[in-house]
There are 2 protein chains.
Amino acid sequence: MSAAEETTGEETPWGEVTPEAARRLLVAAVDAFAERGYHATTTRDIAGRAGMSPAALYIHFKTKEELLHRISKIGHERALCVLDTEADRDGTAAERLAGAVRSFVRWHAERHTTARVVQYELDALGEEHRTEIVALRRRSDAVVRRIINEGVRDGEFDVPDVSGTTLAVLSLCIDVARWFNARGSRTPDEVGELYADLVLRMVGARTAPDPK
Amino acid sequence: MSAAEETTGEETPWGEVTPEAARRLLVAAVDAFAERGYHATTTRDIAGRAGMSPAALYIHFKTKEELLHRISKIGHERALCVLDTEADRDGTAAERLAGAVRSFVRWHAERHTTARVVQYELDALGEEHRTEIVALRRRSDAVVRRIINEGVRDGEFDVPDVSGTTLAVLSLCIDVARWFNARGSRTPDEVGELYADLVLRMVGARTAPDPK
DNA sequence: CCCGAACCTGAGCAAGCGCTTAGGGGCCGT
DNA sequence: ACGGCCCCTAAGCGCTTGCTCAGGTTCGGG
């Protein structure tokens, strides 16, 4: 049930945000941005959710945009980390692709409120911050593309258009953040499993990697 | 090259918006909303793009939200229409599914600025207007689900989870509006073709519907 | 020549926005 | 006991927002 305390530094999602009050503000901002969008969210709303006055926000963050930047950066790093650890495992390309999609999708479903901000409020960032985040995003693309290329090279996959298929796979995963609803009928694990299977079909994997 | 004048009432996208000045405002609003998002767009910006004063907007539309509603409604109806005409053709389920995806994706790519507003600014609408639009959206879902169900029934498709696969197919198509870039390397037709193929793989279609 | 309808503008209102500033209260070592 | 430091708030500044309204221009019909 609770996967909050673990030995890996990966859990307790915003652990690295150092002053405790700043973390409360940041979590409040994630909720507000995910619910209403960045531009429709007021600094007063964020401060209110964190139980503080509007002015308290500016002790910990220079601007409202800095809040979005911190959220976006940490979120992207987490998502990329999830993808990387699965891609670097041993096993066939099909196993690694399935693992990567499963984990990536599960992350987008479990942390769908964070993911929504991270994926859909990107161009509310300022010029410099946006290009920084876009660079992180290209690395996700490279990870998936590499696995698919290896699968093609080893004769495991049948993919006529590697770039296009990479795009489609990532697009499919990312869009989970848009529609996933915690009160819906599917758990994050179920969605991850379903999507891993669909992606293997998309790349024409020869052998389904049976977990047994 | 130009598919702007045709006998079907479907072309010249905003033809049904009756006063010509209102149409200019609406087109300006689509551009602005797609570029910056609904909440970040000001009524002054919309009016400016249409070459009018801010006050002129309120002669043709009661509020800024009404503009979004008109755009959203017409856009959804168009997309649904595209989907429906392909779904009602004769042919195997695979042919109809491929046709539907191809056209739906092409629409999202060609009209990606409209599609972005239609698909991603949904919850900037007021309560009543949003539920009206959500109803339209469910109809798209039903169309795709029906084709997949028929394919399974006729033994053409191998789909363990029809609901989940329907969701994934629509999700894949809709997300095109987010990433498609007119200055990119792919044409709407190419993306449509690629996606139709990927979707047929997702449903495990027995026979690829060769157009020849 | 004038009339009324259709359409648009300049000026501006009340409200809400992001953000700043002056100052108060609790907790530390000494 | 007390000074320095951190954290927070009340109040509010300057500006922009969605939207309004009185008045001007254009036009076809009598």
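Residue numbers start from 1 in every chain, and the chains themselves are labelled A, B, ... in the order their sequence lines are given, proteins ahead of strands. Reckoned from all heavy atoms, side chains included, excluding hydrogens, waters and symmetry mates.
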What I want to find out is whether [X] reaches [Y] closely enough, with some N-O distance under 4.0 Å, to be called a salt bridge.
X	Y	value
A:Asp141	A:Arg146	no
B:Glu86	B:Arg96	no
B:Arg186	A:Asp161	yes
A:Asp189	A:Arg106	yes
A:Glu35	A:Arg49	yes

Within this structure, what is the [atom1]-to-[atom2] distance between [X] and [N], rounded to whole angstrom?
X	N	atom1	atom2	result
B:Asp45	D:dT16	CG	C1'	13 Å
B:Phe61	D:dC19	CZ	P	13 Å
A:Leu57	D:dC8	CG	P	11 Å
B:Lys62	D:dG18	NZ	P	18 Å
B:Glu65	D:dC19	CD	P	9 Å

Test item: side-chain donor near acceptor, [X] and [Y], under 3.5 Å:
X	Y	value
A:Glu132	A:His69	yes
B:Glu66	B:His129	no
A:Gln119	A:His108	yes

Residues within residues 27-42 of chain A bordering DNA chain D, heavy-atom distance below 4.0 Å
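Nothing qualifies; none.
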Kindly check if the number of other-residue, nucleotide or ligand heavy atoms within 6.0 Å of CD (A:Glu128) is above 12?
no
5' precedence on DNA chain C between B:Arg44 and B:Pro19 (nearest-nucleotide basis)
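The residue mapped nearer the 5' terminus is B:Pro19.
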Please determine if a side-chain N or O atom of B:Tyr58 lies less than 4.0 Å away from the OP1 or OP2 oxygen of D:dT20.
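So the side chain of B:Tyr58 is outside the cut-off, no N or O lying under 4.0 Å from OP1 or OP2 of D:dT20.
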Has A:Ser53 got a side-chain N or O lying under 4.0 Å from the OP1 or OP2 atom of D:dA10?
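The answer is no; no side-chain N or O of A:Ser53 sits under 4.0 Å from OP1 or OP2.
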With a 4.0 Å cut-off (strictly under) to non-hydrogen atoms of chain B, the first and last hit nts on DNA chain C, 5' to 3', are C:dC8 to C:dG12
